[in-house]
**Q** 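I'd like to ask some things about the structure below.
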Amino acid sequence: MYSILRVIIITIVLTIYFALVRKKRNKITIAIGILIGIILYFVLAMNPIERNFIGFNSVEDVIKYQYPNFLKEDEPTYIYNEDTALVKFNGATIPYLFEKENGKWRMHRDKFITHRAIYNLGYNIAKIESKSNDKAYIVLINAFDEKEIEKEKQKIYDSNNSKFDIAEFETMNNQCGIIFYTIIDSNIENYKLYVDDITITF
């Protein structure tokens with residue numbers, strides 16, 4: 001449905017464009033029209049216009065509408081908070097942020113995400129901010145062969161004395177993916193994350 005809506009909007013815009021330039025329809029105007037269509041497609045993909053007036057009862061319903069192809073590949077991992085949720089898809093490095101506004105779950109859109117990958121530690125690390133409630137998720141994602149042993153070995157803490165919770169998922173390589181996460185106020189000054197005593201700042 002989401003892709004169909006984008007195609008309809010682009011078709012309408014291009015029809016109006018070519019109607020306005022019908023007397024000068026040549027290779028240049030056609031090329032410009034195609035370029036407009038491509039730009040419009042990506043703009044609508046990143047900032048879905050229906051987000052402001054279509055709400056959903058659950059995050060699962062949002063995903064069925066916005067990312068149906070992801071559901072064909074794997075079962076997402078859900079991390080819920082009161083008005084926000086992170087969803088980890090197998091093919092995505094960092095979870096997607098979904099927010100509840102006026103009692104309804106809204107479509108995902110690009111947020112201000114500070115991402116820093118620490119390859120020598122094996123983690124993908126991100127700070128994912130919610131603009132609706134001034135909260136931020138701190139997430140660390142890794143995959144292990146022996147999850148119980150590895151979970152005990154992790155030394156993850158921060159300057160806010162936060163409690164890090166754990167969510168598990170199965171990777172495409174049949175390893176155990178583990179997400180260490182906590183929620184902090186996004187406006188904390190001089191926030192620091194520590195992984196095996198290595199300091200990480202955002």
**Q** Is the H108 ring parallel, tilted or perpendicular to the F98 ring (thresholds 30°, 60°)?
**A** tilted

**Q** Check whether any side-chain heavy atom of N190 lies under 4.5 Å from a side-chain heavy atom of S159, and answer yes or no.
**A** no

**Q** Grab the two heavy atoms, one from L97 and one from S130, that are nearest each other, plus how far apart they are.
**A** CD2-CA, 3.9 Å

**Q** Side-chain contact, heavy-atom cut-off 4.5 Å: W105 with N57?
**A** no

**Q** Suppose we screen for ring-ring contact (aromatic ring centres under 6.0 Å, His included). Which residues come up paired with F56, at least two apart in sequence or across chains?
**A** Y65

**Q** Starting from the C-alpha separation in whole Å, work towards a yes-or-no answer on side-chain hydrogen bond (donor to acceptor under 3.5 Å, both in side chains) for E129 and S186.
**A** CA-CA 6 Å; E129 297 183 11; S186 59; 4.9 Å; no

**Q** Out of curiosity, E75 CD to F89 CZ, how far, rounded to the nearest 0.5 Å?
**A** 10.0 Å

**Q** Which of these passes side chain to side chain donor-acceptor pair (under 3.5 Å) with K135: D185, D83, T84?
**A** D185

**Q** Check salt bridge (Lys or Arg N to Asp or Glu O under 4.0 Å) between K88 and all other residues, then give those that pass, not counting sequence neighbours.
**A** none

**Q** Restricting to salt bridge (Lys or Arg N to Asp or Glu O under 4.0 Å), what partner residues turn up for D61, sequence neighbours left out?
**A** none

**Q** Looking at side-chain heavy atoms only, is the closest gap between I63 and Y78 below 4.5 Å?
**A** yes

**Q** Listed by chain and number, what are the ring-ring contact (aromatic ring centres under 6.0 Å, His included) partners of Y137, not counting sequence neighbours?
**A** none

**Q** For the pair Y96 and Y67, name the ring-plane relationship: parallel under 30°, tilted 30 to 60°, perpendicular over 60°.
**A** perpendicular

**Q** Under 4.5 Å between any side-chain heavy atoms of F164 and L140, yes or no?
**A** yes

**Q** Heavy-atom count check: over 12 atoms from other residues, nucleotides or ligands less than 6.0 Å from I28 CD1?
**A** no

**Q** Exactly one of I138, L193, I184 should register a side-chain contact (heavy atoms from CB on, under 4.5 Å) with N160. Which one does?
**A** I184

**Q** Between D158 and K192, is there a salt bridge with N-O shorter than 4.0 Å?
**A** no

**Q** Could you check whether any side-chain heavy atom of T182 comes within less than 4.5 Å of a side-chain heavy atom of D165, counting everything from C-beta outward?
**A** no

**Q** Tell me, do R106 and E101 make a side-chain contact under 4.5 Å, heavy atoms counted?
**A** yes

**Q** State which residues pass salt bridge (Lys or Arg N to Asp or Glu O under 4.0 Å) with K27; sequence neighbours excluded, sorted by chain then number.
**A** none

**Q** Would you call I128 and P95 a side-chain contact if the rule is heavy atoms closer than 4.5 Å?
**A** yes

**Q** Atom NZ of K104 and atom CD1 of I54: how far apart are they, to the nearest 0.5 Å?
**A** 12.0 Å

**Q** With sequence neighbours excluded, what pairs up with Y157 under the ring-ring contact (aromatic ring centres under 6.0 Å, His included) test?
**A** Y194

**Q** Hey, what do you get for CD1 (I141) to CD1 (I179), rounding to the nearest 0.5 Å?
**A** 5.0 Å

**Q** Of all the heavy-atom pairs spanning V139 and L86, show the shortest one and how long it is.
**A** CG1-CD1, 3.6 Å

**Q** Could you tell me the separation between the CG atom of D197 and the CD1 atom of I156, rounded to the nearest 0.5 Å?
**A** 11.5 Å

**Q** With a 4.5 Å heavy-atom cut-off, do I178 and N142 have their side chains touching?
**A** no

